[in-house]
Amino acid sequence: SSGINAEYGSIKVPYFQATDLKVCMPIYGMIGFGDIVIPGLLTGYAAYFDTLAHPGETKWYYIITCTSYAVGLIITYIALMGMGIAQPALLYLVPCCLIGVFGTALKRGEVHAMWTGRAGAAAPKPMEDEELDT
């Protein structure tokens, strides 16, 4: 006997069609390590800037950066489902985060302080002509 059940005459093996596999193994998108770390650096900086520039107040930069990241993820998954192929998540995440942070800084008049990292410092005044000649 060759190990095959003589009563049935063959070995029965389950067969999966492509539609069956979608139920067992759903298609999903994968976020890479860089897709978390790079926006995370901006989120950490936003929280740091909030703490220095507005101590004791609501951390609006942090909240807006986290919300912008969530919006970027939603856009990434919509693009993934719409195009049916892998999408570079940073293509959507970084602009969403930057628009949120710098839009807030623009509204608050803190773009220079945010860019230079000098929370609470006034923007430098332009040099006078006499100062340039000396």
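Positions are given from 1, in the same order as the sequence printed here. Just so you know, these numbers use all the heavy atoms, side chains as well, and skip hydrogens, waters and symmetry mates.
Counting heavy-atom neighbours within 6.0 Å of Tyr69 OH, excluding the residue itself, gives a total above 12. Within a 6.0 Å radius of CZ in Phe102, other residues, nucleotides and ligands contribute more than 12 heavy atoms.
Atom CG of residue Asp50 and atom OG1 of residue Thr58 lie 9.0 Å apart, to the nearest 0.5 angstrom. For the atom pair CD1 (Ile38) and CG (Leu90), the distance works out to 5.0 Å, reported to the nearest 0.5 Å. Interatomic distance, CH2 of Trp60 versus OG1 of Thr65, reported as 12.5 Å (0.5 Å rounding). Atom CE of Met81 and atom OG1 of Thr76 lie 10.5 Å apart (nearest 0.5 Å). Between His54 atom NE2 and Arg108 atom CZ the span is 4.0 Å, to the nearest 0.5 Å. Rounding to the nearest 0.5 Å places CD1 of Ile78 at 11.0 Å from CG of Leu73.
Taking every heavy atom of both residues into account, Leu52 and Pro55 meet most closely at O-CD, 3.6 Å. Closest approach of Gly72 and Cys96 over heavy atoms only: CA-SG, 3.7 Å. In plain terms, the two heavy atoms of Gly100 and Ser68 that are nearest each other are CA-OG, 3.6 Å.
Side chain of Tyr45 to main chain of Met114: a donor-acceptor pair is present (N/O by atom type, distance under 3.5 Å, no hydrogens or angles).
Hydrophobic clustering (ILVMFWY, side-chain heavy atoms < 4.5 Å, transitive): Leu41 and Leu98 are in distinct clusters. Clustering ILVMFWY residues whenever any of their side-chain heavy atoms sit less than 4.5 angstrom apart, transitively, puts Tyr61 in a cluster other than the one holding Val111. In the hydrophobic clustering of this structure, Val71 does not group with Ile99; members are Ile, Leu, Val, Met, Phe, Trp, Tyr whose side-chain heavy atoms approach within less than 4.5 Å, directly or through other members. The cluster map of Ile, Leu, Val, Met, Phe, Trp and Tyr, joined by side-chain heavy atoms under 4.5 Å apart, puts Tyr48 and Leu42 in the same cluster.
Within the 4.5 Å cutoff, the side chain of Ile64 has no heavy atoms near those of the Val101 side chain.
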